[in-house]
Protein chains: 2
Amino acid sequence: MPTPKPQHRVRGSASGRPIMVLLDLLGRRMTLRILWELRDQRLTFRALQEAAETNPSVLNVRLKELREAHLVALADDGYGLTAHGKDLLQTFLPLNAWADGWARLWDGKRR
Amino acid sequence: MPTPKPQHRVRGSASGRPIMVLLDLLGRRMTLRILWELRDQRLTFRALQEAAETNPSVLNVRLKELREAHLVALADDGYGLTAHGKDLLQTFLPLNAWADGWARLWDGKRR
DNA sequence: TCGGCATGCTATCATTTCCGTAGCAAAGGG
DNA sequence: CCCTTTGCTACGGAAATGATAGCATGCCGA
């Protein structure tokens, strides 16, 4: 379960193209969720575990990957996004509003 | 392996908040990749399978989920993004450029 | 009308990943 | 000392994924 790095073969892509590497990384379970939970706060390992509703084993693996990817870093006051991580998160912030609109697709169909 | 729907409990989130549902859906393997491959073209099942470098079993499961999520639809000329899917993809298009910049983090470290 | 071919897709099984729980080592107070 | 919190690891069962083979349908040319 190697951490995907640009220029290296990753699951689902022999090319190592950065976008493919990134899609592999973000497509692993809890990765997007972890980034999301850290979008506006720093959290300890355990606080992050609760926030993301996951367990320490998966969380630890994801955190290792995200740290190797320079998206997350651990400081005295807990885990938080790096400058790169914050930059990436900017891309995802509109997702929240988008998801709300998307959810309305089901509102009319449930009774 | 139920398709996540807003207002319903999903893996990693009891709340059913749309953003959590979306993060669960997008966090499943190959989901982001499939959306990415369809960003500017329609593909047959087999063409999509090759493009995304995956296998029919996983592809079929993901396509079912994406169709139920109204993000992908099948027409005579193959699979393609729905209006909602295209809208969502707009959010991710900047990722390509971002990933190229991100990859440079490793350029200086490889020798 | 009979191959051939491409289509979407399913079945099967081995492998990988994930999940849930218990617990450890270190650091800091009281 | 002991209690708490920290980050994190070990383990076993469950679930998801991956790879391959193959089916049913429809189309097209001979």
Side-chain angles (χ1 to χ4, degrees), chain A residues 1-4 8-15 20-21 23-35 37-38 41-69 71-82, chain B residues 1-4 8-14 20-21 23-38 41-69 71-82:
Chain A
M1 177 198 260
T3 300
H8 291 265
R9 167 186 297 266
V10 293
R11 299 181 310 176
S13 174
S15 68
M20 297 305 171
V21 175
L23 292 181
D24 178 25
L25 180 62
L26 297 181
R28 300 181 179 191
R29 202 156 303 164
M30 291 326 269
T31 303
L32 284 170
R33 176 68 177 269
I34 289 169
L35 294 175
E37 295 299 338
L38 294 177
Q41 59 186 339
R42 304 189 66 89
L43 293 172
T44 66
F45 187 95
R46 289 175 187 234
L48 184 53
Q49 179 184 331
E50 289 182 35
E53 299 174 70
T54 185
N55 54 47
S57 38
V58 172
L59 179 61
N60 190 40
V61 172
R62 289 296 99 86
L63 284 175
K64 277 182 184 169
E65 295 167 0
L66 288 170
R67 284 197 276 183
E68 289 184 38
L71 297 177
V72 164
L74 174 61
D76 286 342
D77 55 344
Y79 283 96
L81 298 179
T82 64
Chain B
M1 176 200 262
T3 301
H8 292 264
R9 166 186 299 266
V10 293
R11 298 181 310 177
S13 175
M20 297 306 172
V21 175
L23 292 180
D24 177 27
L25 181 62
L26 297 181
R28 299 181 180 193
R29 203 156 303 165
M30 283 309 184
T31 303
L32 284 170
R33 176 68 177 269
I34 289 169
L35 293 175
W36 182 258
E37 296 299 338
L38 294 177
Q41 59 185 341
R42 304 188 67 88
L43 293 171
T44 66
F45 187 94
R46 288 174 188 233
L48 184 54
Q49 179 184 331
E50 289 182 35
E53 300 175 68
T54 185
N55 54 50
S57 41
V58 172
L59 179 59
N60 190 39
V61 172
R62 288 295 101 86
L63 284 175
K64 277 182 184 170
E65 295 167 358
L66 288 170
R67 284 197 277 181
E68 290 184 38
L71 297 178
V72 164
L74 174 61
D76 286 344
D77 55 343
Y79 283 96
L81 298 179
T82 64

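Throughout, a chain's letter reflects where its sequence line sits, starting with A, and its residues are numbered from 1.
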Distance, rounded to the nearest Å, where B/L59 contributes CG and D/dT20 contributes P
16 Å

Expressed as a whole number of angstroms, how long is the span from B/N55:CG to D/dG22:P?
17 Å

Salt-bridge criterion met for A/R33 and A/E37 (N-O under 4.0 Å)
yes

Output the rounded distance in Å from CD (B/E53) to P (D/dT20).
14 Å

I want to check one thing: is the phosphate of C/dC18, taken as OP1 and OP2, less than 4.0 Å away from some side-chain N or O of A/R28?
no

Can you check the A/R29 CZ to D/dA14 P distance for me, whole Å?
17 Å

So which heavy atom on A/R29 is nearest to which on A/V58, and how close?
O-CG1, 4.4 Å

Looking only at atom types and distance, does a side-chain atom of B/R42 sit under 3.5 Å from a main-chain N or O of B/G78, one as donor and one as acceptor?
yes

Summarise how protein sits on nucleotides 8-15 of chain C as a single string, 5' to 3': B when a protein heavy atom is under 4.0 Å from the base, S for sugar-phosphate-only contact, - for no contact.
BBBB----

Can you check whether B/R62 has a side-chain N or O nearer than 4.0 Å to OP1 or OP2 of D/dT17?
yes

To the nearest angstrom, how far is A/D77 atom CG from D/dT5 atom P?
18 Å

B/A51 and B/L43: which non-hydrogen atoms are nearest, and at how many Å?
CB-CD1, 4.0 Å

Using whole Å, report how far CD of B/E50 lies from P of D/dT20.
14 Å

How would you list, by chain and number, every residue that makes a salt bridge (charged side-chain N to carboxylate O under 4.0 Å, His left out) with B/E50, sequence neighbours excluded?
none

Is there a side-chain contact between A/Y79 and A/T44, using heavy atoms and a 4.5 Å cut-off?
no

Nearest whole angstrom, please: distance from the C1' of C/dA6 to the CG of B/D76.
15 Å

